[in-house]
Every structure is written in structure tokens, then in C-alpha cells.
Novice: 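Here it is, the structure, as C-alpha cells.
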Amino acid sequence: MSGALSLLADIRQSSERRPFAVLKLAEPLLSAQSSISSSSDDVYLVYEQVFIAALDEGQIELAKALLLLLRKRFTSSERVKRLYGMINECVGHPEEAQLIYSQMHEKDNTNVLAHKRLIALLKSQGQLGEAIKMLVSYLDTHTNDFEAWLELACLYLSAHMYPQAAFCLEEVILQQPANHYFHLCYAEVNYTMGNLALALKEFLRVVELSTDNVRGFYGVKLVSDRIRALRELPKKEQPPGIAGAPQPATLDRLSQLATERLAAAYSSSNDVCRKTTESWLKN
């Protein structure tokens, strides 16, 4: 039993979302509640953890039973109120959930959990404008929450607000400079906006941090070839997004390097995939 409690604690500390594993580990513990209480002071943390896992797995009756235990022990807890809001979301009562979260937020606007649940609820209902407004308000106070900046970037992308999304990704990269995925997202957003020189720089950063990143090498080839073609236009017709890009000879070498790395990456794939890739690289 202590081993299961230890594994559950490890999952909590890692912030992993593993509902099936949590329910499997908790099954023998829940059938011996008195034993849990006597062997651990974290019994109510376990109840909360299993409650969320039950919601994820659609086990509503189990979640209701655990919520009853938590409300009995913590009669006026804001944290338990949030769980009550979550179960209302799960059973299809978003209005009641929103009312609970709003009341919690009005009572204490520094309540991070309530603020985030309210944002998630607005997003799930398709109210992107309101969700963005709430998330911007949240980030005014919690500027170091890079995951919130990333979520705001996703919301802006959903609304096709690319400059705002790029700004959010810059904030993410400032806090997580060694994560190649964030550089990749930033590169693709800049490519979409036509900032090709900056996009190329970021794609190169991606393959520097992750040397076998296929998506990064696709970006390097795509942008290098695009800039090379635009450089052949008359000076007045060249877009401002290529200003500061490498010289043609460098672009050619980058394109050739990306072509070689992509061909190598797909060399062991099936014939259809390999031939499709080779055809694209030649064109």
C-alpha cells in the first residue's frame, strides 16, 4: 500500500496527467480507506488526485463519492469548490461551473486555480474573445507562467492574430530558450506573417537544438528556397521580410544541407514515402 501511495505522490509531483494509472493504483487504497488514513497524512491529496482522474476517465459516480468526502472534511474550502465546478463541467452544466469560478475569482482575484478553470471553460464554450481577455488579465499578474503565454499564443492563432501570437511565443522563448519546439512554433508563425529572414534564423535554431528534427529541416529548405526566389525579383518588388537574410550562396548551401538531411531521414522509409519525399525535394 505504501508503494502505491509513493507512486501516486510521484505522479502528483511530476504534474503528469495519467488518469488510468492513477485509478489502477488507487483501487486497492479506496477499498481500505481507514488504512490510508492511518498510513498517510496525504489521504485528501490522494482523494483529489483520484477525483480528477475519475473525471478524465468518465467515472462520474466515483468522482461524486470522493467529492462528498472532501466536502465533508473541508466545508468551506475554495479548492474543493473548484472541484465542484469541475464536476459540473463534466456532467454538462457549464453555466453553474462558470458561476462558481466567477464567484471564486471575484472573492480572490489571485486565485490561480479558479482563474485558469474559468479560462478553460470559456475556451471550451468557444468564447475565444473572453478567454483571451481573461488570460491577458491573468498574465498581467503572473508574467512568469510560460505555459499561460503558450496557451495565449494558441488562442491568438485560433483567432488568426499572428503578431500577437508571435509576441506571446517570444515571452515563452525568453523563459524556455533551450526548448526547440517553441523556436519551431515561432519560426512557423513568422513564416506565415512573411518574416522570412527571422523564420530562417529560428528554423536554424531548431536544428541546432534538435539535430535530427525533420520539421526544422523542412523549414530551412522551404524558407531558403523562398528567399532565393524572391531575391531574383526587382529590388522594389522584394518584400521587406527578406531584409537581412543570408546571401544567395549561403542560402544555396543551407538548402542543399537540408535536402541531404531530409533524404537521409526518409531513406529507410517505405517506397511510397521515400519517393514522395524525393519528388518534393527535387521540385
Side-chain angles (χ1 to χ4, degrees), residues 1-92 94 97 100-101 104-105 108 110-124 131 135 138-139 142 144-154 172 175-176 178-182 185 210:
M1 183 173 292
S2 61
L5 288 170
S6 177
L7 288 172
L8 287 169
D10 289 342
I11 293 173
R12 284 199 305 275
Q13 290 172 6
S14 68
S15 299
E16 292 179 87
R17 202 70 173 253
R18 296 169 57 190
F20 181 79
V22 168
L23 292 175
K24 196 72 175 175
L25 288 168
E27 187 176 353
L29 303 178
L30 294 176
S31 62
Q33 292 177 12
S34 59
S35 298
I36 307 178
S37 301
S38 62
S39 63
S40 172
D41 294 330
D42 294 336
V43 55
Y44 294 105
L45 289 176
V46 172
Y47 286 166
E48 181 186 38
Q49 183 180 15
V50 178
F51 169 87
I52 294 172
L55 291 185
D56 286 345
E57 291 291 322
Q59 297 190 27
I60 305 302
E61 293 307 314
L62 174 59
K64 287 180 178 178
L66 291 167
L67 182 59
L68 188 63
L69 291 171
L70 290 166
R71 294 182 76 179
K72 184 177 179 180
R73 173 64 178 83
F74 305 101
T75 54
S76 58
S77 167
E78 294 294 299
R79 188 163 173 170
V80 174
K81 283 182 183 178
R82 177 181 67 95
L83 300 182
Y84 184 56
M86 290 172 67
I87 203 167
N88 274 283
E89 286 185 70
C90 199
V91 298
I100 292 168
Y101 300 145
M104 293 172 64
H105 184 249
D108 179 11
T110 64
N111 189 321
V112 172
L113 296 176
H115 208 154
K116 286 190 171 183
R117 284 313 313 164
L118 188 53
I119 292 165
L121 180 60
L122 291 170
K123 179 183 175 182
S124 69
L135 194 45
Y138 170 82
L139 284 166
H142 305 88
N144 290 329
D145 189 340
F146 81 90
E147 291 179 337
W149 282 111
L150 190 60
E151 179 63 28
L152 184 56
C154 292
V172 173
Q175 297 180 45
Q176 299 285 320
N179 190 314
H180 73 274
Y181 177 72
F182 299 146
C185 294
S210 178

Novice: Could you walk me through whether Y44 and R73 pass the side-chain contact (heavy atoms from CB on, under 4.5 Å) test, one step at a time?
Specialist: CA-CA 9 Å; Y44 294 105; R73 173 64 178 83; 3.5 Å; yes
Novice: Just jot down the ring-ring contact (aromatic ring centres under 6.0 Å, His included) partners of Y84, sequence neighbours excluded, or say none.
Specialist: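 Result, ring-ring contact (aromatic ring centres under 6.0 Å, His included) vs Y84: none returned.
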Novice: Which pair of heavy atoms, one from S14 and one from E16, lies closest together, and at what distance?
Specialist: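 Looking at all heavy atoms of both residues, the shortest contact is OG-OE2, 2.8 Å.
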Novice: Where is the tightest heavy-atom contact between A63 and L55, given as atom of each residue plus distance?
Specialist: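 Between these two residues, the closest heavy atoms are CB-CD2, 3.7 Å.
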Novice: So, do L25 and I11 sit near enough that their side-chain heavy atoms are less than 4.5 Å apart?
Specialist: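 Side-chain contact under 4.5 Å: yes.
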Novice: H105: which residues meet the ring-ring contact (aromatic ring centres under 6.0 Å, His included) condition with it, sequence neighbours left out?
Specialist: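 By the ring-ring contact (aromatic ring centres under 6.0 Å, His included) rule, H105 matches H115.
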Novice: Give me the atom names and distance for the closest heavy-atom approach of F74 to V80.
Specialist: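 So the two residues come closest at CB-CG2, 4.0 Å.
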Novice: Under the side chain to side chain donor-acceptor pair (under 3.5 Å) rule, what pairs show up with a residue in residues 49-68, not counting sequence neighbours?
Specialist: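 Non-adjacent pairs meeting side chain to side chain donor-acceptor pair (under 3.5 Å): R12-Q49, R17-D56.
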Novice: Going from CD1 on I100 to CG on L118, what distance comes out if it is rounded to the nearest 0.5 angstrom?
Specialist: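 It is 11.5 Å, given to the nearest 0.5 Å.
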Novice: I need the H180 NE2 to C185 SG distance, nearest 0.5 Å.
Specialist: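 The SG atom of C185 is 9.5 Å from NE2 of H180, to the nearest 0.5 Å.
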Novice: Verify side-chain contact (heavy atoms from CB on, under 4.5 Å) between L62 and L23, making sure each step is shown before the conclusion.
Specialist: CA-CA 10 Å; L62 174 59; L23 292 175; 3.9 Å; yes
Novice: What's the spacing between L150 CG and Q176 CD if we round to 0.5 Å?
Specialist: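 CD of Q176 is found 10.0 Å from CG of L150.
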Novice: Rounded to the nearest 0.5 Å, what's the gap from CD1 on I87 to CZ on R82? Could you check?
Specialist: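 Answer rounded to 0.5 Å: 13.0 Å.
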Novice: Quick one: CG on L83 to CG on L113, what's the gap to the nearest 0.5 Å?
Specialist: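 Rounded to the nearest 0.5 Å, the CG-CG separation comes out at 9.0 Å.
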Novice: Working note: Y101 + K116, criterion side-chain contact (heavy atoms from CB on, under 4.5 Å); need CA distance, chi angles, decisive distance, verdict.
Specialist: CA-CA 9 Å; Y101 300 145; K116 286 190 171 183; over 6 Å; no
Novice: Roughly how far, to the nearest 0.5 Å, is the OH atom of Y47 from the CG atom of L69?
Specialist: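 That separation rounds to 5.5 Å.
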Novice: Would R117 and M104 satisfy side-chain contact (heavy atoms from CB on, under 4.5 Å), going step by step from the backbone distance to the final call?
Specialist: CA-CA 11 Å; R117 284 313 313 164; M104 293 172 64; over 6 Å; no
Novice: Could you label the plane-to-plane angle of the H142 and Y138 rings as parallel, tilted or perpendicular, counting under 30° as parallel and over 60° as perpendicular?
Specialist: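 H142 and Y138: parallel rings.
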Novice: Quick one: closest heavy-atom pair of A97 and G85, and the distance?
Specialist: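 Answer, listing the atom of A97 first, then G85: CB-O, 3.3 Å.
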